[in-house]
Amino acid sequence: MQASFDPHAIESAIYRAWEAAGHFAPKESGEGYCIVIPPPNVTGSLHMGHAFQHTLMDALIRYQRMRGRAALWQMGTDHAGISTQMLVERQLNAEGKTRHELGRDRFVERVWQWKGESGGKIAQQLRRMGSSLDWSRERFTLDAGFSRAVVEVFVRLHEEGLIYRGQRLVNWDPALGTAISDLEVINTEEQGSLWHFRYPLCGDVRTADGKGHLVVATTRPETLLGDTAVAVHPRDERFRALIGQRARLPLVDRELPIIADDAVDPAFGSGCVKITPAHDFNDYEVGLRHNLAMVNVLTAEAAINDNAPAAYRGLDRFVARQRIVADLDALGLLERVQEHSLMAPRGDRSEAIIEPRLTNQWFVRIAPLAEPAIKAVEEGRVEFVPKHYEKTYFAWMRDIKDWCISRQQWWGHRIPAWYGPDGAIHVGQDEFDARRRAGLAADVPLRQEEDVLETWFSSALWSFATLGWPEPTKPLERFHPTDVLVTGHDIIFFWVARMIMMALKFTGEVPFRQVYVTGLVRDAEGRKMSKTKGNGLDPLDLIDGIGLEELVAKRTGNLTQPHLAPGIEKATRRDYPHGIPSYGTDALRFTCCALASTGRVVRFDPGRTEGYRNFCNKLWNAARFVLMNTQGRDLSAAAEPGLPDRWIRARARQMVDAATEALDTYRFDLYAGAIHEFAWREYCDWYLELAKPLLWDEGAVPARQAAVRRTLLEVLELLLRAAHPVMPFITEAIWREVAPLLDIEGDTIMLRPFPEVDDLSADAEADAAIDWLKGVVVALRNIRGEAGIKPSQTLRVLLQGGDARDRELAALSGPLVQRLAKVESIEWLADGDAVPANALGLVGDLRIMVPLAGLIDLEVERTRLQKAIDRKRTELNRLQTKLANEKFVTNAPPQVVEKERAKAADAETRLLALEIQSASLG
RNA sequence: GGGUGUUUAGCUCAGUUGGGAGAGCGACGGCCUUACAAGCCGUAGGUCGCAGGUUCGAACCCUGCAACACCCA
């Protein structure tokens, strides 16, 4: 093995070998375990969020595979309708073309071509992460089988009346020219203006205070072109007399009824509200209630259409806004303008301001689907981890609105509906089926719906359509419901809820038994990682490393806002003065696990990755040490385990227990902690050090040495298996060296069993003995450290006090203590013996003394001692106060009281010893 | 406006049923000790957001308040 850990030397070859051997496919027999991957965008690339979630999924899959389950991690990608179409349209624009010039067929062809070119990237990156996905079963939401499932679902929902087409007010994205769903609209607070306009009253009508006009306020003046009423609150005394009268809409010269509606907030603005049913969701409801006309004044591009006066036709909405304000001002109808912060709706993809717009769209009638999905979670058939996300889920599901599923786009599943010459709608699997169902002759011309389904409609079928539905396939039977869905809280509504509804509807089963909701990855300062902010991290850069100049170029290139480049460059040079070193996949994965605690935000700090790269190196070198001391040795000799051997196995048992518990409850941070703690703090820091004296003692009993060698190997091998789910590559590389020495069959660690607690036994005796030893060694190190004694200086140690057990342990562990603390001699003194001036350490009643002579400065030792006395006295006082409290003694459980008494007695003994020592030093 | 979550060491976070406040990183001091300087040894640092309450006992349970984050309208 190389002297230091080099991830590049091992990773790719190992992954290729696993894949070639078919190890990622579920085994033929055994209980199934399945996770479906949240499908990445087919033309996308890996970001930190993927790296994070995929690490957790892969850890689960590898863990369950090692536990004997037939584990399937179902691979697939999403066609990502809007974002992919946007990307390709942008490419076209760069060439000076538009999709409309190209036409639908050629455009779609072009997208497929782009998919062919860039669609493999994410798959390669997933391989670099070590993801044990079953590539042989890879699916795509637009592949033939999946599309069939989509059509099937559409047709059946339509048959049952759960899909309908209708004219509704929808969120219209003028930049993309399509409707989008409520969830795709992001409302953010922005600064704007509130314009107050005067609408003259018709006839001789006057307001209560004698004015001839009403005042209405709006943040969107251009919409007044579509006003069809003015509303007031029915109990608003100021306007009661005006209800039923009419006002005149300026510029348009339309008479508007003055109506009363509870929805009006009398305290907002003037108390009068202009009603634009075709361009505002609240007004739309008012319009329905009062049977108002709905005047659409916007085109698909959000310019003013022909329903408006000629003066404004064709103007962009924001140009029209300025013009209208100016015109009203000129007419003396602008009362005032007010600074105003408003919630601006923007499209999550285009970031354009969304316009509510009246259009014909397809909807899913969702309430009948939501009901069983709510029940499934209430009854625990689907369980959220952490549990509190169920509240979020219920809140949304119980107030769910019909789902707009049609998009005026080209890239996606074209809606399987055909229009007859009379405008009648015929739905079917295909045109033939639609004709058959409708009983239409072959010569009746039919025109297919132009719209496609939104991407989430197909994603909603992911759990079962990837497994072969609508065919009753074996994988479907074996792996559905899947075991757990691992995803972020940002897509609980988009995806999780819809999958539950669709799976229940079409398979009668929940799609997964548990949902593990991860936090979302942010940068080290807690900010969202984004290209615009230039604070993004590419997981591949953490794995492979990247030079500073290249990193700067990557972060500042192709910015949508180029003026931000200098700031980004400066921050990058500050944060990564030497670029990013290559840390390897295992270190990145370990970081992801270690950061996966229960919070909602995961602050990703590359410093942690460096630390875990070091951990990989530690493990690598520990393995080198073990191999150096075992290769070519006779390991078959009868073994006689010593206390350290028994101890490390007992510790291993504890580690396996903790690791198993952590993985079973999705506490990946605790799992990583258990592995790290055991490997570094116990196996390396103590066991390897304890092993050295025995290994290097030429006069040692052969059976003892054999036991040490076997223990070194066996515990290392067990540790590798326990750590494999989080760090697959390094564990495989080391395991291949270690396994032959232990005569283990098999060519890969990934198919070996995960360690079981029952493989090991607890050992109270060994624990006590090694605890004692550690106590003595730490006490001596402490004296050394504080007294500034050089590590090369050997010590003479005197022992006094203690009991028979201390003498027994000293006899057993003396040689180990000597080696670990660099002690040349240990001498027992009787209780009454005079002792030279010394530095004192305590383990229970046992006094560990290092004579000062020539080594330790008396003053330094006095200071150290005084500190120890102060600390111990504080502790004792606290305990004595507690024990003096009668209420405590009578009310607390006896074992608690007993424990406190023992602690007090111990503190007292120690304090006494320290005080005697203090007196003796003068 | 409604809801959810968070607040513990300089930073990032653990803390399982209420019973001696922890880890990693960082800081400081000392070491090239023959697996590892990507290492080893040691040290310092906290009124557990604030105010009440329950309890013999509260970081943990209850109430109120504050700050921050996110979701919904």
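Since the structure is predicted, the reported quantities are computational estimates derived from the model, not experimental observations. The sequence lines fix the lettering, A, B, ..., with proteins before strands; numbering per chain opens at 1.
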Complementary nucleotide for [N] - Watson-Crick or wobble, under 3.5 Å:
| N | answer |
| --- | --- |
| rU7(B) | rA66(B) |
| rA38(B) | none |
| rU43(B) | rA27(B) |
| rG22(B) | rC13(B) |

Handout entry: Which residue lies more 5' along RNA chain B, comparing Asn885(A) with Leu595(A) via nearest heavy atoms
Key =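 It is Leu595(A), whose closest nucleotide lies nearer the 5' terminus.
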
How many whole angstroms separate atom [atom1] of [X] from atom [atom2] of [N]?
| X | N | atom1 | atom2 | answer |
| --- | --- | --- | --- | --- |
| Met343(A) | rC70(B) | CE | P | 12 Å |
| Phe668(A) | rG24(B) | CZ | P | 23 Å |
| Glu737(A) | rA35(B) | CD | C1' | 15 Å |

Does either side chain, that of [X] or that of [Y], offer a donor lying less than 3.5 Å from an acceptor on the other one?
| X | Y | result |
| --- | --- | --- |
| Tyr612(A) | Arg608(A) | yes |
| Glu610(A) | Asn614(A) | no |
| Asp544(A) | Tyr583(A) | no |

Choose from [options] the nucleotide whose nearest atom is closest to any side-chain atom of [X].
| X | options | answer |
| --- | --- | --- |
| Arg871(A) | rG20(B), rA44(B), rC40(B) | rA44(B) |
| Lys867(A) | rA35(B), rU43(B), rG5(B) | rU43(B) |
| Glu689(A) | rU4(B), rA35(B), rC40(B) | rA35(B) |

Problem - Under-4.0 Å side-chain N/O to phosphate OP1/OP2 contact, Asn614(A) with rG39(B) - result: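 The answer is yes; a side-chain N or O of Asn614(A) sits under 4.0 Å from OP1 or OP2.
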
Handout entry: Min side-chain heavy-atom separation Pro356(A)-Val170(A) under 4.5 Å
Key =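 Pro356(A) vs Val170(A): side chains apart.
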
Problem - Pair of N/O donor and acceptor under 3.5 Å linking rA35(B) base with Lys692(A) side chain - result: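 A donor-acceptor contact between them is present.
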
Problem - Pairwise C1' distance, rU16(B) and rC32(B) [rounded to whole Å] - result: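 Roughly 43 Å separates the two C1' atoms.
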
